[in-house]
Peer 1: 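Below is one structure. I have some questions about it.
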Amino acid sequence: MSQMKSVYFNHDAGVDDLVSLFMLLQMDNVELTGVSVIPADGYLEPGADASRKIIDRFGHGNNVPETAKSNSRGKNPFPPAWRMHTFYVDALPILNESGTMEAPLSDLPAHRHMIRQLLATEGKTTLLFTGPLTDLARALDEAPEIEDKIEKLVWMGGGFERGNVDEPEHDGTAEWNVFWDPEAAYRVWQSGIEIDLVALESTIKVPLDLKIRKRWATERRYEGVDFLGNCYACCPPLVHMENNSTYYFWDVLTTLSIGKPELVSKKTMNCVVIPDGKSQGRTVEQADGRPVNLVYDTNPEAFADYMIELAKKA
Ligand code: AGV
Ligand code: CA
């Protein structure tokens, strides 16, 4: 039996962010000390509402975490078409059957909520970030003492061989979570926090393909598996437009690496973040850069099995 981990989760309200919350709530080795929502690749109000409804419906009732809304704003906005996904998930009937939201909402902004929860939690906390790092950068500026309370940061962000940004005035070398607020990532890179970086090198191994959709359909008699299929139904499989439509399990891989570390392979890499200019948000390997644990590989079958195993616990 693995040890209980305290985890604080900051996400940006995309489909795989909300599915990540659902997955975390099923892990019996994770104690969720708080959830916060930043309006990057999704919208704030439905993002916070959907989070609370997921906690209500799938949270098994003990130690119900608070949800906090971020007041951070980024530099490079996400395409509205992607951000709309938050509304679809929030509107799913399974999340609205009770017609209530019981899970508590904090009146603190996300970065202050995280500071408070880190300081109030016994021992060290693992930070899970599946959107941009803006709230963490602000928290470190306001309360540098939290560094001692952080076990490590597990972040979906970055890419060394390629990026996934297709925007005017940019050369395409950045990954979106870095690109939204490159200065925030740059700031976190200056800290002493240990970082597990789940970059595009590993997430590219777990695309949302027809095979896994078929598995969910076959096992939809399990409420949690049906929920996965319904969430991802708003990400249509457009196989001929890779960059802007192929959906990967970016955030879910990041999240599952906490519940089951042996799912991923890591190696130390020294790297820097480019804060501005035409390559802003790019992560570059550099001998004198700061070390991160780069998650560069995973086993797609073991990943899909664990995802379904967790969903069946719901
Ligand atoms: O770059 C990956 C990040 C992840 O945190 N997000 C989606 C995940 O939540 C941005 C993103 C890149 N390509 C996308 C994205 C796409 N085609 N649709 C939606 N979001
Ligand atoms: Ca995300």
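Worth saying up front: this structure is predicted, and the values here are computed from it rather than measured. Excluded from the calculations below are hydrogen atoms, water molecules and symmetry mates; all remaining heavy atoms, backbone and side chain alike, are included. Throughout, numbering of the chain's residues begins at 1 and tracks the sequence. When a ligand or atom number is given, it counts from 1 through the structure's own listing order.
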Peer 1: Tell me whether the NZ or CZ atom of Lys266 lies within the 45° cone about the ring axis of Tyr296 and under 6.0 Å from its centre.
Peer 2: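 Negative - Lys266 is either too far from the ring of Tyr296 or too far off its axis.
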
Peer 1: Checking only N/O/S atoms, does Met156 have one that is under 3.0 Å from the Ca ion (ligand 2)?
Peer 2: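 Within the cut-off used here (under 3.0 Å), Met156 places no N, O or S atom near the Ca ion (ligand 2).
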
Peer 1: Counting only heavy atoms closer than 4.0 Å, does ligand 1 sit against the backbone of Thr130, its side chain, both, or neither?
Peer 2: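 Within the 4.0 Å criterion, Thr130 contacts ligand 1 through backbone atoms alone.
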
Peer 1: Restricting to N/O/S, name the atom of Asp251 that gets closest to the Ca ion (ligand 2).
Peer 2: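 Atom name of the closest N, O or S in Asp251: OD2.
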
Peer 1: Taking 3.0 Å as the cut-off, does an N/O/S atom of Asp16 lie below it from the Ca ion (ligand 2)?
Peer 2: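 Within the cut-off used here (under 3.0 Å), Asp16 places no N, O or S atom near the Ca ion (ligand 2).
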
Peer 1: Under a 4.0 Å N-O cut-off, is there an ion pair linking Asp28 with Lys313?
Peer 2: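 Yes, Asp28 and Lys313 are salt-bridged.
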
Peer 1: Does ligand 1 have a heavy atom under 4.0 Å from the side chain of Leu200, from its backbone, from both, or from neither?
Peer 2: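 It is neither; nothing of Leu200 touches ligand 1.
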
Peer 1: Do the side chains of Glu175 and Arg162 get close enough for a salt bridge, i.e. N-O under 4.0 angstrom?
Peer 2: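 Arg162 and Glu175: not salt-bridged.
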
Peer 1: What atoms of ligand 1 come within less than 4.0 Å of a heavy atom belonging to Asp251?
Peer 2: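 By the 4.0 Å cutoff, the relevant atoms are 4 (C), 5 (O), 8 (C), 9 (O).
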
Peer 1: Within a distance under 4.0 Å of any heavy atom of Asp16, pick out the atoms of ligand 1 and give their elements.
Peer 2: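 Every atom of ligand 1 under 4.0 Å from some heavy atom of Asp16: 8 (C), 9 (O).
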
Peer 1: Does Phe78 reach ligand 1, in the sense of a heavy atom lying below 4.0 Å from it?
Peer 2: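 Judged by the 4.0 Å heavy-atom criterion, Phe78 does count as contacting ligand 1.
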
Peer 1: Report the atom name of the nearest N/O/S atom of Asp12 relative to the Ca ion (ligand 2).
Peer 2: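 Output for this pair reads OD1.
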
Peer 1: If you count heavy atoms of other groups shown closer than 6.0 angstrom to NZ of Lys214, is the number above 12?
Peer 2: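 Open.
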
Peer 1: Just to be sure I'm reading this right: ignoring hydrogens, which of Arg83, His11, His85, Glu175 gets closest to atom 2 (C) of ligand 1? Compare them by their nearest heavy atoms.
Peer 2: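 Shortest heavy-atom distance from atom 2 (C) of ligand 1: Glu175.
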
Peer 1: Can you list the ligand 1 atoms lying under 4.0 Å from a non-hydrogen atom of Asp41?
Peer 2: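 Listed by number with element, the hits are 6 (N), 7 (C), 10 (C), 11 (C), 15 (C), 19 (C), 20 (N).
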
Peer 1: With backbone taken as N, CA, C and O and side chain as the heavy atoms from C-beta onward, which portion of Tyr247 lies under 4.0 Å from ligand 1: side chain, backbone, both, or neither?
Peer 2: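 The side chain, only.
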
Peer 1: Among Trp250, Tyr248, Tyr247, find the residue that satisfies the side-chain hydrogen bond (donor to acceptor under 3.5 Å, both in side chains) test when tested with Asp16.
Peer 2: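 Of the listed residues Trp250, Tyr248, Tyr247, the side-chain hydrogen bond (donor to acceptor under 3.5 Å, both in side chains) partner of Asp16 is Tyr247.
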
Peer 1: Show the nearest heavy-atom pair for residues Asn10 and Ala110, with the distance to one decimal.
Peer 2: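 Closest heavy-atom pair between Asn10 and Ala110: ND2-CB, 4.3 Å.
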
Peer 1: So, is the end of the Arg83 side chain (NZ or CZ) under 6.0 Å from the ring centre of Tyr43 and within 45° of the ring's axis?
Peer 2: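 The answer is yes, since Arg83 meets both limits relative to Tyr43.
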
Peer 1: Taking 4.0 angstrom as the limit, do Lys278 and Glu169 come out as a salt bridge?
Peer 2: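 Answer for the salt bridge query: no.
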
